[in-house]
Amino acid sequence: MCDFRNWRSRSSSFGKKRSIYAKSLEQRRGAPRFVFYEGPPTANGLPHPGHCLTRAIKDLFPRYKTMRGYFCERKAGWDTHGLPVEVEVCKELGIHSKEEIEAYGVEPFVQKCQQSVWRYMQEWERLTERIAFWIDLSQAYVTYHQRYIESVWWSLKELFDRGLLYRGHKIVWWWAQGGTALSSGEVSQGYRQVADPSVYVKLPLVDDPQTSLVVWTTTPWTLPSNTYAAVHPDYEYAVCRDKETGERVIIASALVDSLAEKMRRQWEIEQTVTGGELVGRRYLPPFDCYYQKYGNTQGKLIDDGQEHLYWRVVAADFVTLDSGTGLVHIAPAFGEVDYGLLVTEQQRFDPAGPVPELLCAVAPDGKFTDDCPAYRGTWVKDADRTIIRDLKEKGVILWVDQYLHEYPFCWRAEQDPLIQYPRESWFIRTTEFRDAMLANNAHIGWHPENIRDGRFGKFLESNVDWALSRERFWGTPLPIWQCEVTGKQEAVGSYKELLQKPGVSGTEVWEQAKAANPELADDLKIHKPYIDAITYDSPFAPGARMRRVPEVIDCWYDSGAMPFAQWGYPHCGQEQFRENFPADFISEAIDQTRGWFYSQLAISTMLFGDTHPYPHPFKNCIVLGLMLAEWYESKDGKQRFLTEEEAREALGSNYVCKTGKMSKQLRNYRSPQEIFDTYGADALRWYFFANQPPWSSIIYSERAIRDSIPEFLLRLWNVLSFFTIYAEIDGFAGPREIRGTVDQLSADELACASTYRPVAQRNEMDRWILGEVAHTSAEVIRRMDAYDSFGACQELIRLVDGLSNWYVRRCRDRFWGAAPIAESDDKADAYWTLYEVLLDVTKLVAPFVPLVAEAMWGHLTLGCGRESVHLCDYPQGDMTRYDATLAERMDLLREIASLGRSARMEAKLKVRQPLQRVEVSLADDRHVDWLQEHDRVVRDELNVKEIAYNTGNSPYIEYQVVPNFKLLGPRLGKLLPRVKQALGEADGASLVKQMHEKNRIQLALADGQTIDLEASEVEIRLKARPGWTAAQGRRCVVVLSTDLTPALIREGYARDLVRFIQDMRKQMDCQFTDRIEIFVETDAPELVAAIEENAEYISGETLATALRVNPADGNAARAWATYQIADHDVRLAIAVVSPAP
RNA sequence: GGGCGCGUAGCUCAGUUGGUUAGAGCGCGUCGCUGAUAACGACGAGGUCCCAGGUUCGAAUCCUGGCGCGCCCA
């Protein structure tokens, strides 16, 4: 007998599982590949529940495809570079800034980073094992390994040589005091509300100095670097004459009234123009520091003609009317969109001549440079006040007040405001591939589909060049060496290539470090600072040296290169790459849209777009939803609990249930480890798979996980438990009875057992459930092949429900019979059917719940055949076994039973009370004969003596004929409501009669028109007439006869008695096979009569060898218990006469 | 501010080209079963399908506009 709790803690040894994984691969070698790419997690943080979901989904499909016959290798990978690693190490060292790292020493710092990467490796490996994620950790690719980096280098050299890598500016959030850029995460931590000056500045037109553009800014210090003024080309602008001063200002028409009121001016609109008409007008900037030099400089446009480089009106779609004036001061050095505008302008000019440059009067330390002598050396924020004063004197300030807004400060130095600042950066010209990427994207199978044209497609459409470089330490070094004299650059594709350069030197730095500390990982030699030491002779200038540029690259590039870099391609692994490109399947959470999904697609499109047909590098991607936590907290939010029980204990009813982001700080979720220990990994897996489509957000709720167990896992396990109990009793040893080879225990193999009979010879129930299994297999395959794991789970749930609540429930007595299997075909059939179903179900669920399935396999195979269910083929679903008509009939049978129970409930007649008769009225007569032949189950289920079926007139029901809207809608259109009405008003019975006789209905409408309706165009519904104990469904009505005869009542008493005896058996811990003697004492003659009349039935049900009513030795010492039947006391005692062996 | 997604039972969610009684599980209630038993089963109550317009013979479903929530990006 098996204990359902066993599988919870069941966890076979890692070593054994690994070997089965290896075997599962080995036996598919040479088969078509199913290629899976592992998106590399970072192992320098603890895994959390979200990772469980990704790992579960990533495991499901490879397991499924392997069982389906594909060869699916699963190579693990680790993402190891990047800022998070540096931050961890900084925390450990208690330092923050880049300067501090440099003071500490780049060499020891990088060494620490390399070690830190593996800090939580064990936890990751344990999670991977516990959630039964089959992946080859021993062959994992690691992004800091030399082989990996050289592969990345090769790709960068390709891009460089094709002119796709360039140096430009990137506007970053800059901590001037610390001299470092902050990541967006860091920036968002530091926002707080401040009051900044709000300044409206006049920019007089060059050709009409009495008229000024008006721009608005909250950062006056950016005004010396002003380059353009932007308008929205579609907005209307007003030229307003100030009635007091006579001067004119230009602002957006929509804002004239509100601004005039704010500034207490009286403006009269002289003229309106569109933004487009303003484009090209020149103005005088607020400061002349650059104007003196460039004020009249013109450049040659690519489309012929000349234009002034700076201080013109330009068009920009990002201009809004929400604040300001509808005209925007553009300082490209200090704003990302501003910079974008400059780039757009630059592209209009012929690069042979002068082109607009980035005007930046501020140094990296946040102080003004010589470009702006008036404020030289002043910290920009301190200069604001002086700037406003100077501009006032100059008469170009229209208005000044204060503006409250959120502004970011440095999270490590709270008094330091961040500024947007241009840094030199390397870019990849991804914008050139925008259309190619979109074309590639169009071929990808996204799940859910909307990602393609939605979030991901939209992201691609607004593509900007990839800012590749990072001014950091721990990352893949950018493989570009630069001539110290000419500044000319070249890319290097491998370490070997580097060493072969002429006059190479500097390798000794690494060699010495390694000699001093032999423990150092060899992969470090290709990292900073060792790689920076390597220089060689410049091919561009005699005597000059080539030195590496100092940057490392964005670690997203690392992971995006994994389709080839995991093999070290092209330096090695060319064959592996060819065989494993592109991937059939990847999966990550939605936050990877701009991360790994993009980096992979972008790199692959650029490198392999010309040589490989789309899509690549992945064909299908399941985009997972975010995982949310659920917890309970006190109403003031101060106390938090993970379960409702804990909350209730501590707070009574003063708690609320919350769902929200998972948070390490809040500690609002349970560790996956605890869930595994309590409920088992499969419970978690099944919850993830079966409770919602993977792309909807998932609430990680302990309660929900627990509650999801009974519906499927426990139910399935109980069926197995039922089977094993009786298999033991009857000595049914399935696999051992097979003469011949026992391997996967397929139908062919089972057929070799002497008691196994062809399915066609078995009864309806057996054929039905085997058909259900076949049908479900086919459906599960269809859905899994479409990456619809949720739908597949629904099918499995349906199957197990039918198995447990119909097949086993209705077939129990077949297992209870006394005859040995060898002598009872029916019993043998029951065993072989249930056995085969369980085997197939075990295989079907194996990819979903591998641990439970493996335990089931063990119980079913008794050590015969394949050692693991995971080495079996997935059941294909033998559809010759599926009889659609039988399935429909069985469905109807279940519906009748259900309606019958409903009717009993209404009449308050418990099932133990037998009834003489039910009437079943059906909408049509297609299945009547069959139902009549097979109604034993219904009689049993409803405890009735007879069932009468009818499809004609019945006193209990009336007919309702309704149109088949789907068919008639297109045919009749507007006529349909009238047809519906006419059908409703006509006499249902006569319509049905007409239908039976002519197979069509002629319907007269109110206006005299006649409509001809075919049988398929209407639907006949049944309705119980009021006053009967009846229940109605779509297809039938079940009516109960509630008249009880004395004999029926007595039979009900007997069933009551049986129930009490069974109760006593249970209390006495009787074995299922124990025989007993029953003693009954009662004064009620009708009970005595009932017992005597049904003695055989009572003894049979309770395995009694003797039934003594009011025995002569009534006072003998027995364990009497008193029960009540129909208000009479009944005293009962039982004694075991022959215990089970 | 922009993009994407989501609003369906007390809770968590299904609902496949629009078709007339909107489903499941949990929870709740009533009852049953007691040879699957530290289980199991049935039945029931519970819905303005966020709101308002529109398209249509017909809308939870399609369109438009609101409102609310979430994520991503500014």
>> Heavy-atom nearest nucleotide on RNA chain B for Asn805(A) versus Arg594(A): which residue maps closer to 5'?
In response: Asn805(A)
>> Please compare Leu626(A) and Leu968(A) by the position of their nearest nucleotide in RNA chain B and report the one closer to 5'.
In response: Leu968(A)
Between atom [atom1] in [X] and atom [atom2] in [N], what is the gap in whole Å?
X: Trp806(A); N: rA36(B); atom1: CH2; atom2: P; answer: 17 Å
X: Leu714(A); N: rG25(B); atom1: CG; atom2: P; answer: 16 Å
X: Leu713(A); N: rA39(B); atom1: CG; atom2: P; answer: 15 Å
X: Lys458(A); N: rC72(B); atom1: NZ; atom2: P; answer: 19 Å
X: Arg452(A); N: rG5(B); atom1: CZ; atom2: P; answer: 13 Å
X: Arg810(A); N: rG41(B); atom1: CZ; atom2: P; answer: 14 Å
X: Ile1076(A); N: rG35(B); atom1: CD1; atom2: P; answer: 10 Å
X: Ile1134(A); N: rG35(B); atom1: CD1; atom2: P; answer: 11 Å

>> By the salt bridge (charged side-chain N to carboxylate O under 4.0 Å, His left out) test, which pairs, at least two apart or in different chains, include something from residues 797-807 of chain A?
In response: Arg715(A)-Asp801(A), Glu772(A)-Arg798(A), Glu795(A)-Arg798(A), Asp801(A)-Arg894(A)
Between [M] and [N], how far apart are the [atom1] atoms? Round to whole Å, please.
N: rA9(B); M: rG2(B); atom1: C1'; result: 36 Å
N: rU48(B); M: rA60(B); atom1: C1'; result: 12 Å
N: rU8(B); M: rC51(B); atom1: P; result: 10 Å
N: rA22(B); M: rC28(B); atom1: P; result: 26 Å
N: rC67(B); M: rC11(B); atom1: P; result: 24 Å
N: rU16(B); M: rC57(B); atom1: C1'; result: 24 Å
N: rG7(B); M: rC50(B); atom1: P; result: 8 Å
N: rG10(B); M: rA45(B); atom1: P; result: 14 Å

Partner nucleotide of [N] by Watson-Crick or wobble geometry (both distances under 3.5 Å):
N: rC43(B); answer: rG29(B)
N: rA38(B); answer: none
N: rG1(B); answer: rC73(B)
N: rA52(B); answer: rU64(B)
N: rG58(B); answer: none

With distance as the sole criterion, is a donor-acceptor pair present between the side chains of [X] and [Y] under 3.5 Å?
X: Trp446(A); Y: Asp453(A); value: no
X: Thr431(A); Y: Asn463(A); value: no
X: Tyr598(A); Y: Gln592(A); value: no

> Pick from Val719(A), Asn718(A), Leu716(A): which one makes a side-chain contact (heavy atoms from CB on, under 4.5 Å) with Ser804(A)?
Replying inline: Val719(A)
>> Whether Arg1059(A) contacts rG32(B) is assessed here as follows: a side-chain N or O lying under 4.0 Å from the phosphate OP1 or OP2. Is that the case?
In response: no
> rC71(B) phosphate, OP1 or OP2: any side-chain N/O from Thr593(A) under 4.0 angstrom?
Replying inline: no
> Nearest to the side chain of Val808(A), which nucleotide is it out of rC71(B), rC40(B), rA36(B)?
Replying inline: rA36(B)
> Considering only rG35(B), rA39(B), rA36(B), which nucleotide approaches the side chain of Ser804(A) most closely?
Replying inline: rA36(B)
> How far apart are the closest heavy atoms of Trp806(A) and Ala897(A), and which atoms are they?
Replying inline: CH2-CB, 4.2 Å
> What heavy-atom pair brings Ala830(A) and Tyr807(A) nearest, and what distance separates the two atoms?
Replying inline: O-OH, 3.8 Å
> Are the side chain of Lys980(A) and the backbone N or O of Val962(A) linked by a donor-acceptor pair below 3.5 Å?
Replying inline: no
Write out a two-atom table: protein N or O, nucleotide N or O from nucleotides 56-61 of chain B, distance below 3.5 Å.
unit_1: rC57(B); atom_1: O4'; unit_2: Gly973(A); atom_2: O; d: 3.3
unit_1: rC57(B); atom_1: N1; unit_2: Gly973(A); atom_2: O; d: 3.4

>> For Glu336(A), is there an ion pair with Lys170(A) - N to carboxylate O distance below 4.0 angstrom?
In response: no
>> With a 6.0 Å cut-off (strictly less than), is the heavy-atom count around CD of Glu449(A), excluding the residue itself, greater than 12?
In response: no
> So what does Val719(A) touch, heavy atoms closer than 4.0 Å: a base, only the sugar-phosphate, or nothing?
Replying inline: base
> Using a cut-off of 4.0 Å on non-hydrogen atoms, how would the nucleic acid contact of Asp591(A) be classed: base, sugar-phosphate, or nothing?
Replying inline: nothing
> If you take atom types as modelled and just measure distance, does the side chain of Ser721(A) reach the base of rA39(B) with a donor-acceptor pair under 3.5 Å?
Replying inline: no
> Do Arg455(A) and rC71(B) share a donor-acceptor pair, side chain to base, under 3.5 Å?
Replying inline: yes
>> Across nucleotides 12-17 of chain B, 5' to 3', mark each nucleotide with B, S or - according to how protein heavy atoms within less than 4.0 Å reach it.
In response: SSS--B
>> Testing Phe722(A), Phe815(A), Tyr726(A) one by one against Tyr831(A) for a ring-ring contact (aromatic ring centres under 6.0 Å, His included), which residue passes?
In response: Phe815(A)
>> Determine whether Arg782(A) and Glu779(A) satisfy the following criterion, salt bridge (Lys or Arg N to Asp or Glu O under 4.0 Å), listing intermediate values before the conclusion.
In response: CA-CA 5 Å; Arg782(A) 188 176 68 77; Glu779(A) 270 308 287; 2.8 Å; yes
